Amino acid sequence: MDFRILSKDPETKARTGLLELAHGKVETPVFIPVGTAATVKGVHQRELAGDLNVSLILGNTYHLYLRPGIDTIRMAGGLHRFMNWERSILTDSGGYQVFSLAAQRKLTEDGATFQSHIDGSRHFFTPENIIDYQRAIGADIIMAFDECAPYPCEPDYAKKSMELTHRWLDRGVKHFNETDPVYGFQQMLFPIVQGSIYPDLRKMSAEKIASAGMGGNAIGGLSVGEPEEDMYTMVELSTSILPETKPRYLMGVGTPVNILESVALGIDLFDCVIPTRNGRNGMLFTSEGIINIKNEKWKDDFTPVDPAGNSFADTQYSRAYLRHLIISKEILGAQIATIHNLGFYFWLMSEIREQISNGGFRLWKEQMKKKLSKRL
RNA sequence: GGGGAGAUACCAAAGUGGCCAACUGGGGCAGACUGUAAAUCUGCUGGCUGAUGCCUUCGUAGGUUCGAAUCCUGCUCUCCCCA
């Protein structure tokens, strides 16, 4: 468990680093593909570890708890073995599901009562049992149980929600320190900054999270519908307080432009469903801009998806073919689109690291922003 | 040769006197998607129009009616059964 900063950009708060986890080293800034249910949808592990060279993926405690169930994962010997993934894993605590499945949950001081979205059965999550579940899942990085406040959110509710998250954090940290890893390797626990879009709350929360003294820190409750400018303001405020020597994880973000901006504000880790989900739905990110591959204009375009791309999705398939697959709802279409988008995101992250190292990040970022947000 | 059924928009298929430019599904076109209840969801899909509205449409030619995709007659075509 170690985080070393390798280079710093002189003009922004961007930095490159190396995060050493129990299952390998992670170069930061890094993008973490989302694999909620023990799979990055549509991409097999050989591809992830192979051409895409993914070092860290994300799983979700809520989903894995419901299906296949914690016991099954424990019997398998942990999530790494269960899904045959030898590199690193981060699990989200289920805090986001408290938000996204709001209609079926009830919060109390003690924890959150849920109804399963699968069969309606009732379940109870607490800061403590979420630690136990994540011990049993065995991710390298586990997340504290938080409430991701909705947007918009009244200041009063945001404050109460944040304070609850802070009390939950104390209980979670205590339980984390009192329990041992199940599989013989160290796990890191990341606490999560909340506070909606209110600067005073965010500041308070960042201070609380920093004081927990964990190996890394996360910023949550953003990209839930607020204006992007508010998001950047909250990120900047948070990173100015969270310790520079520890990795900072911006949860659930984002678009390529979001990532460029947030790296400049001092973020090291990102996860987002955009490249995978939007890819399955036909939205492709390229070095020249965004393509909706379902549009008729690509029907007879036999050029590569991204002429500058180097994943096999770019070098071996044409836009016309991929359009046909997506339009026909062929499974291969979703697979190729996902691999392409992840390939693009990883290319972007590697460029970011390169530009930070060589000192040209800020200027390069401004040029890239224009290109990447363009609709082709 | 005899008997029966039917022809509706790109396709399939509802509608059987006014609430019909016409249900619904598919297809097509476009949009959305940010710690994944998502290989999902939304809108549009005769023409002109920002909307109201106007114009042309339910095989075809006529007719009945204030009013027809719907009722009547001729014609054309398709399908099924029997010989």
Side-chain angles (χ1 to χ4, degrees), chain A residues 31-43 56-64 66-67 89-105 114-120 130 134 139 141-149 151 165 190-194 218-228 231-232 235 249-259 261-262 267 269-285 290 292-299 322-323 325-338 341 345 375:
Chain A
F31 180 78
I32 312 168
V34 176
T36 304
T39 163
V40 176
K41 293 184 194 297
V43 188
L56 174 61
I57 62 172
L58 178 148
N60 186 283
T61 306
Y62 167 85
H63 292 275
L64 295 172
L66 288 181
R67 205 162 50 187
I89 299 176
L90 178 155
T91 42
D92 184 26
S93 62
Y96 187 76
Q97 280 62 44
V98 173
F99 156 74
S100 67
L101 304 169
Q104 294 160 61
R105 67 106 211 276
F114 279 92
Q115 266 189 284
S116 160
H117 68 279
I118 299 166
D119 62 6
I130 281 294
Q134 291 185 101
I141 299 173
I142 70 177
M143 302 303 299
F145 192 48
D146 66 335
E147 187 198 357
C148 178
Y151 180 86
T165 290
F190 282 19
I192 305 170
V193 176
Q194 288 292 340
I219 300 167
L222 295 175
S223 64
V224 290
E226 78 283 4
E228 289 200 348
M231 176 175 88
Y232 296 136
V235 169
Y249 166 31
L250 178 55
M251 305 186 77
V253 176
T255 64
V257 172
N258 290 160
I259 289 174
E261 292 294 7
S262 302
I267 298 294
L269 293 88
F270 298 89
D271 80 279
C272 190
V273 303
I274 282 180
T276 45
R277 181 196 286 164
N278 291 26
R280 290 195 303 280
N281 294 332
M283 185 178 189
L284 306 179
F285 298 90
I290 297 166
N292 181 348
I293 199 66
K294 291 191 278 193
N295 287 176
E296 192 179 27
K297 60 185 161 190
W298 311 117
K299 191 170 189 294
L322 184 50
R323 176 177 190 273
L325 294 178
I326 294 279
I327 292 267
S328 309
K329 300 192 193 313
E330 285 290 338
I331 294 169
L332 185 59
Q335 294 174 323
I336 293 174
T338 304
N341 275 353
Y345 266 63
R375 297 294 182 129

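What you see is a predicted model; the values in this text were computed from it and never measured. Throughout, protein chains are lettered first and strands after them, A, B, ... in sequence-line order, and every chain is numbered starting at 1.
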Let's test this: given Watson-Crick or G-U wobble pairing with both distances under 3.5 Å, identify the partner of B:rA5. B:rU78

With a non-hydrogen cut-off below 4.0 angstrom, is A:S116 in contact with a base, only sugar-phosphate, or nothing? nothing

Provide the distance between the two C1' atoms, one in B:rC19 and one in B:rA68, to the nearest whole Å. 15 Å

Taking B:rC72 as the reference, what is the distance to B:rU16 when you measure between their P atoms (whole Å, please)? 14 Å

Using a 4.0 Å heavy-atom cut-off, does A:Q194 contact any base of the nucleic acid, only the sugar-phosphate backbone, or nothing at all? base

When we call it a touch if two heavy atoms are under 4.0 Å apart, what does A:L90 touch: a base, just sugar-phosphate, or nothing? nothing

With sequence neighbours left out, write down each residue that passes ring-ring contact (aromatic ring centres under 6.0 Å, His included) with A:F31, or none if nothing qualifies. A:Y345

Name the pairing partner of B:rU52, where a pair is Watson-Crick or G-U wobble with both distances under 3.5 Å, or state none. none

So A:D271, base contact, sugar-phosphate only, or nothing? Heavy-atom distance under 4.0 Å. sugar-phosphate

Counting the atoms with a prime plus P, OP1 and OP2 as sugar-phosphate, which does A:D146 contact under 4.0 Å by heavy atoms, base, sugar-phosphate, or nothing? base

What pairs with A:Y249 under ring-ring contact (aromatic ring centres under 6.0 Å, His included), at least two apart in sequence or on another chain? none

Which is true for A:G35 with a 4.0 Å heavy-atom rule: it touches a base, it touches only sugar-phosphate, or it touches nothing? nothing

Could you tell me the boundaries of the chain A footprint on RNA chain B, defined by atoms under 4.0 Å from its heavy atoms? B:rG28 to B:rU40

Got a donor-acceptor contact below 3.5 angstrom from the A:Q134 side chain to the A:M143 backbone? yes

With sugar-phosphate meaning primed atoms plus P, OP1 and OP2, does A:N258 contact a base, only sugar-phosphate, or nothing at under 4.0 Å between heavy atoms? base

Using purine N1 to pyrimidine N3 plus N6-O4 or O6-N4 for Watson-Crick, or N1-O2 and O6-N3 for G-U wobble, each under 3.5 Å, what pairs with B:rC71? B:rG63

Taking A:Q194 for the side chain and A:I192 for the main chain, is one N or O donor matched with an acceptor at less than 3.5 Å? no

A:E261: salt bridge (Lys or Arg N to Asp or Glu O under 4.0 Å) partners, not counting sequence neighbours: A:K365, A:K369

Say you pick atom C1' in B:rC75 and the same atom in B:rA7; how far apart are they, in whole Å? 14 Å

B:rA51 versus B:rC44 - spacing of their P atoms, nearest Å: 12 Å

Using the P atoms only, state how far B:rG43 lies from B:rU24, rounded to an integer number of Å. 11 Å

Go ahead and name the base partner of B:rA12; Watson-Crick or wobble counts if both distances stay under 3.5 Å, otherwise write none. B:rU24

Which part of the nucleic acid, if any, lies within contact of A:M231, taking any heavy atom under 4.0 Å across all strands shown: a base, the sugar-phosphate backbone alone, or nothing? nothing

At 4.0 Å (heavy atoms only), tell me whether A:E330 reaches a base, stays on the sugar-phosphate, or touches nothing. nothing

By the 4.0 Å heavy-atom rule, please label A:Q115 as base, sugar-phosphate, or nothing. nothing

Give A:R323 one of three labels, base, sugar-phosphate or nothing, depending on what nucleic acid heavy atoms sit under 4.0 Å from its own. sugar-phosphate

Please classify the nucleic acid contact of A:R375 as base, sugar-phosphate, or nothing, using heavy-atom distances under 4.0 Å. sugar-phosphate

Could you check whether any side-chain N or O of A:T91 sits under 3.5 Å from a backbone N or O of A:N60, counting only pairs where one atom can act as donor and the other as acceptor? no

With rounding to the closest Å, how many angstrom separate the P atoms on B:rA13 and B:rA9? 11 Å

Taking ring-ring contact (aromatic ring centres under 6.0 Å, His included) as the definition, give me every residue that meets it alongside A:Y96, ordered by chain and number, with sequence neighbours left out. A:F99

Using a 4.0 Å heavy-atom cut-off, does A:L250 contact any base of the nucleic acid, only the sugar-phosphate backbone, or nothing at all? nothing

Looking at residues at least two apart in the chain, or sitting in another chain, which of them share a side-chain contact (heavy atoms from CB on, under 4.5 Å) with A:V43? A:V40, A:E47, A:L48, A:L52, A:T338, A:I339, A:L342

